[in-house]
Asker: 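Have a look at this one.
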Amino acid sequence: MKRIKIKDLLQMEARDEHVLLKGWVRTKRGSKNVNFIALNDGSCLANVQVVADVNNFEEDTLKNVTTGAAISVVGELVASQGSGQNVEVIAKELTVLGPADPDKYPIQPKRHTLEFLRENAHLRFRTNTFSAVFRIRHAMAFAIHQYFNQKGFYYLHTPLITASDAEGAGQMFRVSTLDPKNPPLTEEGNIDYSQDFFGRSTNLTVSGQLEGELGATALGEVYTFGPTFRAENSNTTRHLAEFWMIEPEMAFYELDDNMDLAEEFLKFCIQYALDNCMEDLVFLSKRLQEEEKSKPQAERSMELIEKLKFVLENDFVRCPYTEAIDILRNSKPFKKKKFQFPVEWGTDLQSEHERYLVEKHFKRPVILIDYPKDIKSFYMKQNPDGKTVAAMDVLFPQIGEIIGGSQREEDYEKLVTRMDEMGVPAEEMDWFLDTRRYGTVPHSGFGLGFERLLLFVTGMGNIRDVIPFPRTPKNAEF
RNA sequence: UCCCUAGUAGCUCAGUUGGUUAGAGCGGCGGACUGUUAAUCCGUAGGUCGUAGGUUCAAGUCCUACCUGGGGAGCCA
């Protein structure tokens, strides 16, 4: 007999023929004569209720049907006599495939804290919350490929191991096969990387952008979607040492095209979640509402599904940096000296400023553009004013920066001059500069933090809860 | 990395101005119960109070350092 998944079973009408189910026990309840088993197989959030007449089974069999155990059931799909579900399965045969010692199994049929489940990340998939989160994670990954594929973008695999240390996007993880206790040294006493595996110093990538530009200036429109590594000592709810990033890079796109793409792309992903993950979203929303009850009214956030729809229905605000500074300097918190950090043209906006703009002033996603050139990367397109660059940061409520991108500087001379000013070694990046030497064109791109998108879509508060096995400072468990 | 905060049973927590044998709910186990919905009821086991020092007649409680978690900040996606 072929196994049927619970997701499909719950769509079916009650019928006479037998069905075969396999899954993990969430709870077992019951009385002297009858046991009720809530069975889940991961195919959907809902459990199916398996009803077992105690007299039909060995005592030992039912004794081993405990929370966490894997079982196989053959039974009849019938209309339920109880009120919690439409159909249920009357068990005719029941086998315990893998018992779970109830004295030791850590996941109890009750509410656990997210912190506890994080420490048991290998088992947290077996909870409603995390199974919902990771089904949505899958759906979002799928949506991203679907979006770019239908727009004619090519999925480009950029290297994870890189020799270029010139991207300036922060601390990198070194990749080496040298003996850490006794590395070969040069005459000057430095580590001799010419003897290392690649014959030079190498690191894990912090961005696939530069290689993406190589692809875009031939294939037209490309995107990367892969792991990214940053060795920053960041301890926040929105940073990981290993995370997944989507980086589209497009020839012939100027900043406006770049913004249009970013907005359309984010809205496509959110729409996809609403169309395909409603059961999980409703569950996460209810869970969130429970949590919000303990907060004061003013701090409560919008209901999850309402919030997703709100983003879909409203245009993102596009605001130049200079204008944002004016808004902030005229704001109540600025005048009442409520901001902890100063607001001055030329300095980067702090979290408190971004949150004011997004959550209080505009009350919708904001794309800030045209930042002062000195606080942005060397590769960004220099604006005619000589002071700003064509950068864009997409800011979302609660999460902050979800996308960072720009139009790229395509002029060889301007780019090399800027690299020189910012101390970026041009000689090591000859391969990159070739894009500007030969057939250079206006082009643009951005980076989307996949887990930050998931924070928004799932409503989870900590980025460690939207990636299966989070890597953060002092934590590489599992 | 900085600031704040926490660490007591498998889980979530209580534990008074330092004072006798460290408590509850849930979960586990045993039993009861005519179909339950986080079932209910009765009973029962379960603890090196994060680690190492220190103060004191006496430390879960006070002090110091370290470890780990959480919140915020910085860095960013």
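Chain naming here is simple, since letters A, B, ... match the order of the sequence lines and numbering starts at 1 in each.
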Asker: Would you classify F243(A) as touching base, sugar-phosphate or nothing, given that sugar-phosphate means primed atoms plus P, OP1 and OP2, and contacts are heavy atoms under 4.0 Å?
Answerer: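 If one applies the 4.0 Å heavy-atom cut-off, F243(A) turns out to touch a base.
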Asker: Once you apply a heavy-atom cut-off of 4.0 Å, does S351(A) come out as touching a base, just sugar-phosphate, or nothing?
Answerer: sugar-phosphate
Asker: If a pair satisfies salt bridge (charged side-chain N to carboxylate O under 4.0 Å, His left out) and one of its residues is in residues 104-114 of chain A, list it, with sequence neighbours excluded.
Answerer: D101(A)-K104(A)
Asker: Can the positive tip of K307(A) be found less than 6.0 Å from the middle of the six-membered ring of F456(A), inside 45° of the ring normal?
Answerer: yes
Asker: Within the structure, does a side-chain N or O atom of T237(A) lie under 4.0 Å from either OP1 or OP2 of rG72(B)?
Answerer: yes
Asker: For F173(A), is the CZ atom crowded, meaning more than 12 foreign heavy atoms sit under 6.0 Å from it?
Answerer: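 Counting other residues, nucleotides and ligands, CZ of F173(A) exceeds 12 neighbours.
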Asker: Between rC75(B), rU37(B), rA77(B), which one does the side chain of E401(A) approach most closely?
Answerer: rA77(B)
Asker: Between rU51(B) and rU68(B), how far apart are the P atoms? Round to whole Å, please.
Answerer: 15 Å
Asker: Roughly how many Å is it from OH in Y223(A) to P in rA77(B), rounded to a whole number?
Answerer: 21 Å
Asker: Within the structure shown, what part of the strands sits under 4.0 Å from L453(A) by heavy-atom distance: base, sugar-phosphate, or nothing?
Answerer: nothing
Asker: For S83(A) and for R111(A), find the nucleotide of RNA chain B with the closest heavy atom, then tell me which residue's nucleotide is more 5'.
Answerer: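 Result: R111(A).
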Asker: side-chain hydrogen bond (donor to acceptor under 3.5 Å, both in side chains): which pairs involve residues 467-476 of chain A, sequence neighbours left out?
Answerer: none
Asker: By the definition side-chain contact (heavy atoms from CB on, under 4.5 Å), identify the one residue from T127(A), T67(A), N128(A) that meets it with R26(A).
Answerer: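 Considering T127(A), T67(A), N128(A), a side-chain contact (heavy atoms from CB on, under 4.5 Å) with R26(A) is found only for N128(A).
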Asker: Can you give me the dot-bracket string for RNA chain B, 5' to 3', counting Watson-Crick and G-U wobble pairs with both distances under 3.5 Å, using [ ] for crossing pairs and | for partners on another strand?
Answerer: (((((((..((((.....[...)))).(((((.......))))).....(((((..]....))))))))))))....
Asker: Which value, in whole Å, describes the distance between the P atoms of nucleotides rU12(B) and rA58(B)?
Answerer: 34 Å
Asker: Any base atoms under 4.0 Å from N235(A), or only sugar-phosphate, or nothing? Heavy atoms, all strands.
Answerer: base
Asker: Looking only at side-chain atoms of N462(A), point me to the closest of rU12(B), rG70(B), rC76(B).
Answerer: rG70(B)
Asker: Mark yes when over 12 heavy atoms from residues, nucleotides or ligands other than N55(A) sit less than 6.0 Å from its CG; otherwise mark no.
Answerer: yes
Asker: Within the 4.0 Å heavy-atom criterion, would you say Q85(A) contacts the bases, only the backbone, or no part of the nucleic acid?
Answerer: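 Base contact.
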Asker: If you look at every strand shown and take non-hydrogen atoms under 4.0 Å, does R26(A) touch a base, only sugar-phosphate, or nothing?
Answerer: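 Answer is nothing: R26(A) stays at 4.0 Å or more from every strand.
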Asker: Less than 4.0 angstrom between a side-chain N/O of R29(A) and OP1 or OP2 of rU36(B), yes or no?
Answerer: no
Asker: The criterion is ring-ring contact (aromatic ring centres under 6.0 Å, His included); which residues satisfy it with Y155(A), sequence neighbours excluded?
Answerer: H145(A), H157(A), Y223(A)
Asker: Taking atom types as they are modelled, is there a donor-acceptor pair under 3.5 Å from the base of rC76(B) to the side chain of H239(A)?
Answerer: yes
Asker: Taking rA45(B) as the reference, what is the distance to rA6(B) when you measure between their P atoms (whole Å, please)?
Answerer: 34 Å
Asker: With respect to the side chain of F36(A), which nucleotide from rC11(B), rU36(B), rA77(B) is positioned closest?
Answerer: rU36(B)
Asker: So what does E88(A) hit on the nucleic acid, given a heavy-atom distance under 4.0 Å: a base, only sugar-phosphate, or nothing?
Answerer: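 Base, at least one base heavy atom under 4.0 Å.
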Asker: Sticking with atom P, work out how far rA9(B) lies from rG23(B), rounded to a whole angstrom.
Answerer: 14 Å
Asker: Can you tell me, in whole Å, how much space there is between the C1' of rC76(B) and that of rU8(B)?
Answerer: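 Those two atoms are separated by 39 Å.
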Asker: CZ/F316(A) to CZ/F362(A) distance, rounded to the nearest 0.5 angstrom?
Answerer: 14.0 Å
Asker: With sugar-phosphate meaning primed atoms plus P, OP1 and OP2, does G447(A) contact a base, only sugar-phosphate, or nothing at under 4.0 Å between heavy atoms?
Answerer: sugar-phosphate
Asker: Find the distance between NZ (K286(A)) and CG (L304(A)) and round it off to the nearest 0.5 Å.
Answerer: 12.5 Å
Asker: Evaluate side-chain contact (heavy atoms from CB on, under 4.5 Å) for K373(A) paired with M380(A), printing each intermediate quantity in order.
Answerer: CA-CA 8 Å; K373(A) 64 177 180 181; M380(A) 294 189 180; over 6 Å; no
Asker: Identify, with sequence neighbours excluded, every residue that meets side chain to side chain donor-acceptor pair (under 3.5 Å) alongside D41(A).
Answerer: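 Scan of D41(A) (side chain to side chain donor-acceptor pair (under 3.5 Å), adjacent residues dropped) gives S43(A).
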Asker: Taking only residues two or more places apart in sequence or in another chain, which ones pass salt bridge (charged side-chain N to carboxylate O under 4.0 Å, His left out) with D103(A)?
Answerer: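 Partners of D103(A) by the salt bridge (charged side-chain N to carboxylate O under 4.0 Å, His left out) criterion come out as none, since no residue qualifies.
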Asker: Quick check on rC76(B): is either OP1 or OP2 less than 4.0 Å from any side-chain nitrogen or oxygen of S234(A)?
Answerer: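 S234(A) to rC76(B) OP1/OP2: no side-chain N or O under 4.0 Å.
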Asker: Below 3.5 Å between N/O atoms, which protein atoms pair up with nucleotides 46-51 of chain B? Just atom names and distances, please.
Answerer:
none

Asker: Whether the side chain of Q209(A) engages the backbone of F446(A) through a donor-acceptor N/O pair (distance < 3.5 Å, no angle test) should be reported.
Answerer: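 Pair absent, no side-chain N/O of Q209(A) close to backbone of F446(A).
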Asker: Do E213(A) and Y379(A) meet the criterion of a side-chain donor-acceptor pair at a distance under 3.5 Å?
Answerer: no
Asker: I need the R287(A) CZ to L114(A) CG distance, nearest 0.5 Å.
Answerer: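 These two atoms lie 4.5 Å from each other.
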Asker: Between R318(A), K267(A), K151(A), which is the residue that forms a salt bridge (Lys or Arg N to Asp or Glu O under 4.0 Å) with D260(A)?
Answerer: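 So the option named by the test is R318(A).
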Asker: Just list the side-chain donor-acceptor pairs under 3.5 Å for residues 88-96 of chain A, sequence neighbours left out, or say none.
Answerer:
from: E88(A); atom 1: OE1; to: Q49(A); atom 2: NE2; distance (Å): 3.1
from: E88(A); atom 1: OE1; to: S80(A); atom 2: OG; distance (Å): 2.8

Asker: So which protein nitrogen or oxygen atoms get under 3.5 Å of nucleotides 65-67 of chain B's nitrogens or oxygens?
Answerer:
none

Asker: Mind calculating the distance between CD1 (I37(A)) and P (rA39(B)) to the nearest angstrom?
Answerer: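 Rounded to the whole Å, the gap is 13 Å.
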Asker: Under a 4.0 Å heavy-atom cut-off, which of residues 117-129 of chain A touch RNA chain B?
Answerer: R118(A)
Asker: Output all residues satisfying salt bridge (charged side-chain N to carboxylate O under 4.0 Å, His left out) with R126(A), sequence neighbours left out; order by chain, then residue number.
Answerer: none
Asker: Is it true that atom OH of Y154(A) has more than 12 heavy atoms of other residues, nucleotides or ligands lying nearer than 6.0 Å?
Answerer: no
Asker: Which part of the nucleic acid does E451(A) contact within heavy-atom distance under 4.0 Å: base, sugar-phosphate only, or nothing?
Answerer: nothing
Asker: Can you check the distance between rA39(B) and rA22(B), where both ends of the measurement are the P atom (answer in whole Å)?
Answerer: 33 Å
Asker: Can a side chain N or O of R238(A) be found less than 4.0 Å away from OP1 or OP2 on rA73(B)?
Answerer: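 Yes, R238(A) has a side-chain N/O under 4.0 Å of OP1/OP2 on rA73(B).
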Asker: What's the closest nucleotide to the I463(A) side chain, out of rA77(B), rG74(B), rA39(B)?
Answerer: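 Output: rA77(B).
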Asker: Give the B/S/- string for nucleotides 24-34 of chain B, one per nucleotide from 5' to 3', where a protein heavy atom under 4.0 Å of the base yields B, of only the sugar-phosphate yields S, and otherwise -.
Answerer: -BBSSSS--B-
Asker: Judged by each residue's nearest nucleotide on RNA chain B, which is more toward the 5′ side, E352(A) or G404(A)?
Answerer: E352(A)
Asker: C1' atom, rC63(B) versus rG10(B): distance in rounded Å?
Answerer: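 Taking atom C1' in both rC63(B) and rG10(B), they lie 33 Å apart.
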Asker: What does I246(A) touch in the nucleic acid at a heavy-atom separation under 4.0 angstrom: a base, only the sugar-phosphate, or nothing?
Answerer: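 I246(A): no heavy atom of the nucleic acid under 4.0 Å.
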Asker: For atom C1', what is the distance between rG15(B) and rC49(B), given to the nearest Å?
Answerer: 11 Å
